[in-house]
Amino acid sequence: MDYLRLGVNIDHVATVRNARGSAYPDPVRAAKLAEEAGADGVTAHLREDRRHITDGDIERLMAALSVPLNFEMAATDEMQKIALRHRPHAVCIVPEKREERTTEGGLEVAREENRLAHFIAPLAEAGCRVSIFIAADRAQIEAAHRIGAAVVELHTGAYCDLHAEGRLKERDEELARLRDMAAFAHSLGLEVHAGHGLTYETVGPVAAFPEVRELNIGHFLVGEAIFTGLTAAIAGMRQRMDAARAVG
């Protein structure tokens, strides 16, 4: 089975730093450590309100990393200009609301197809791989394909929440939906990624989907790193991903 890449999201290292307005912990140091620990890429979300990652962090990440940077961003003119200035390996277009604590769902592509098609065209022309963060929904996947995205990242948050709440029947239904939609997206020629809320307990079934090429995981790894260190946390995730892939 194909190798499954791990992208490590370092946003919440910046969250801890910003809680005190200090210079530490440094998310760029975390990104370099993730790289050394075997991460295949680093993800950072530059939010409009700069609540964690800052413009300076993106500048330093572009200069420091030798693995690809996946730049998460809202579909705004400001973020497009920043992405075009830096030209990261990948840009992932995500929905964003100021009042949310974290990204609550997938991007609404089907209703904004024309706008998003025009929005992503300059990014693709600049050499960025364009990914769309969406729910496991056929209409959204079809729309992402029509607008010319190279990648879809399936939102695994609902599956992880249902698992945490012990709602196992609904969890399994959501997992089946993710599996079916990963296969559907792949059938259209889209590269399939997945992420949001994945933990040691929940990563295995998603990692086993043969169509999924990359998982992006952040909050759990940063939390686990408090107890075990970031290198060990990443190694533990990598081990579980590889084991699930081998069986899957």
Side-chain angles (χ1 to χ4, degrees), residues 5 7 9 11 41 43-49 53 58 68-100 102-161 173-197 206 209 211-216:
R5 299 190 299 269
N9 185 312
D11 289 352
T43 293
H45 182 178
L46 184 65
R47 281 182 170 265
E48 292 179 87
D49 62 7
I53 295 297
I58 297 296
L69 175 66
N70 177 35
F71 178 49
E72 288 189 341
M73 54 181 263
T76 67
D77 290 343
E78 179 198 24
M79 291 300 154
Q80 186 192 62
K81 286 174 186 169
I82 292 169
L84 289 172
R85 185 166 73 248
H86 291 295
R87 301 191 179 197
H89 166 78
V91 294
C92 184
I93 313 301
V94 302
E96 195 172 303
K97 294 194 296 244
R98 291 293 176 97
E99 65 272 17
E100 68 187 358
T102 185
T103 307
E104 293 172 348
L107 190 68
E108 175 51 64
V109 190
R111 285 204 300 265
E112 293 196 66
E113 200 170 313
N114 188 55
R115 183 180 81 86
L116 288 170
H118 285 92
F119 181 83
I120 70 171
L123 298 167
E125 287 166 13
C128 302
R129 294 202 77 205
V130 177
S131 174
I132 309 289
F133 188 67
I134 53 173
D137 179 84
R138 181 178 288 262
Q140 301 301 334
I141 292 168
E142 289 172 337
H145 178 247
R146 284 193 298 268
I147 68 173
V151 181
V152 289
E153 181 169 340
L154 300 180
H155 188 294
T156 53
Y159 154 68
C160 295
D161 289 345
E173 289 169 353
E174 180 64 19
L175 186 64
R177 187 177 300 111
L178 285 162
R179 184 186 303 111
D180 290 346
M181 290 302 102
F184 176 62
H186 178 74
S187 76
L188 296 178
L190 291 161
E191 184 169 309
V192 184
H193 300 176
H196 200 84
V206 179
F209 298 165
E211 299 85 4
V212 173
R213 301 298 304 276
E214 179 175 303
L215 298 180
N216 286 299

Between F133 and G195, the two heavy atoms sitting closest are CE1-O, 3.7 Å

So the side-chain hydrogen bond (donor to acceptor under 3.5 Å, both in side chains) pairs with at least one residue in residues 178-187 (sequence neighbours excluded) are none

Report the distance from atom CZ of R47 to atom CG of D11, rounding to the nearest 0.5 Å. 8.0 Å

Tightest non-hydrogen contact, residues V192 and A185, listed as CG2-CB, 3.8 Å

Is there a donor in the side chain of E112 and an acceptor in the side chain of N114, or the other way round, less than 3.5 Å apart? no

Can you measure from OG1 (T43) to NE2 (H193) and round to the nearest 0.5 angstrom? 9.5 Å

Is any side-chain heavy atom of I132 less than 4.5 Å from a side-chain heavy atom of E153? no

Under the side-chain contact (heavy atoms from CB on, under 4.5 Å) criterion, do I93 and F119 qualify, and how do the steps go? CA-CA 10 Å; I93 313 301; F119 181 83; 3.9 Å; yes

Residues V151, L190; criterion side-chain contact (heavy atoms from CB on, under 4.5 Å); working and verdict: CA-CA 5 Å; V151 181; L190 291 161; over 6 Å; no

Are side-chain heavy atoms of L178 and L154 found at a separation under 4.5 Å? yes

Inspect the surroundings of CZ in R115 and state if more than 12 heavy atoms from other residues, nucleotides or ligands are less than 6.0 Å away. yes

For residues 75-92, which residue pairs pass the side-chain hydrogen bond (donor to acceptor under 3.5 Å, both in side chains) check, not counting sequence neighbours? R50-E78

Do C128 and P88 come within less than 4.5 Å of each other through their side chains, counting heavy atoms only? yes

Rounded at 0.5 Å granularity, tell me how far CG in L116 sits from CZ in R111. 11.5 Å

For the backbone of A110 and the side chain of E108, can you confirm whether one donor and one acceptor N or O come within less than 3.5 Å of each other? yes

Pairwise distance CG(L84) to CE(M79) - rounded to 0.5 angstrom: 12.5 Å

Can you tell if the side chain of H45 reaches within under 4.5 Å of the side chain of F71, non-hydrogen atoms only? no

Which heavy atom in V109 sits nearest to a heavy atom in A143, and how many Å separate them? CG1-CB, 3.7 Å

List the atom of A182, the atom of E211, and the distance in Å for their closest heavy-atom pair. O-CB, 3.7 Å

Spacing of D137 atom CG and F184 atom CZ [to the nearest 0.5 Å]: 10.0 Å

What pairs with A90 under side chain to side chain contact (heavy atoms under 4.5 Å, CB included), at least two apart in sequence or on another chain? N70, R129

Which heavy atom in A194 sits nearest to a heavy atom in T156, and how many Å separate them? CB-CG2, 3.9 Å

Considering only heavy atoms from C-beta outward, does the side chain of Q140 approach that of M181 to under 4.5 Å? no

In sequence, state the C-alpha distance, the side-chain angles, and the governing distance for V91 and V130, and then conclude on side-chain contact (heavy atoms from CB on, under 4.5 Å). CA-CA 5 Å; V91 294; V130 177; 4.0 Å; yes

If I take atom NE2 from residue H155 and atom NE2 from residue H196, how far apart are they, to the nearest 0.5 angstrom? 4.0 Å

Walk me through whether L175 and V206 qualify under side-chain contact (heavy atoms from CB on, under 4.5 Å). CA-CA 8 Å; L175 186 64; V206 179; 4.1 Å; yes

Determine the minimum heavy-atom distance between S131 and V152, stating which atoms define it. OG-C, 4.3 Å

Side-chain heavy-atom pair M73, L123 within 4.5 angstrom cut-off: yes

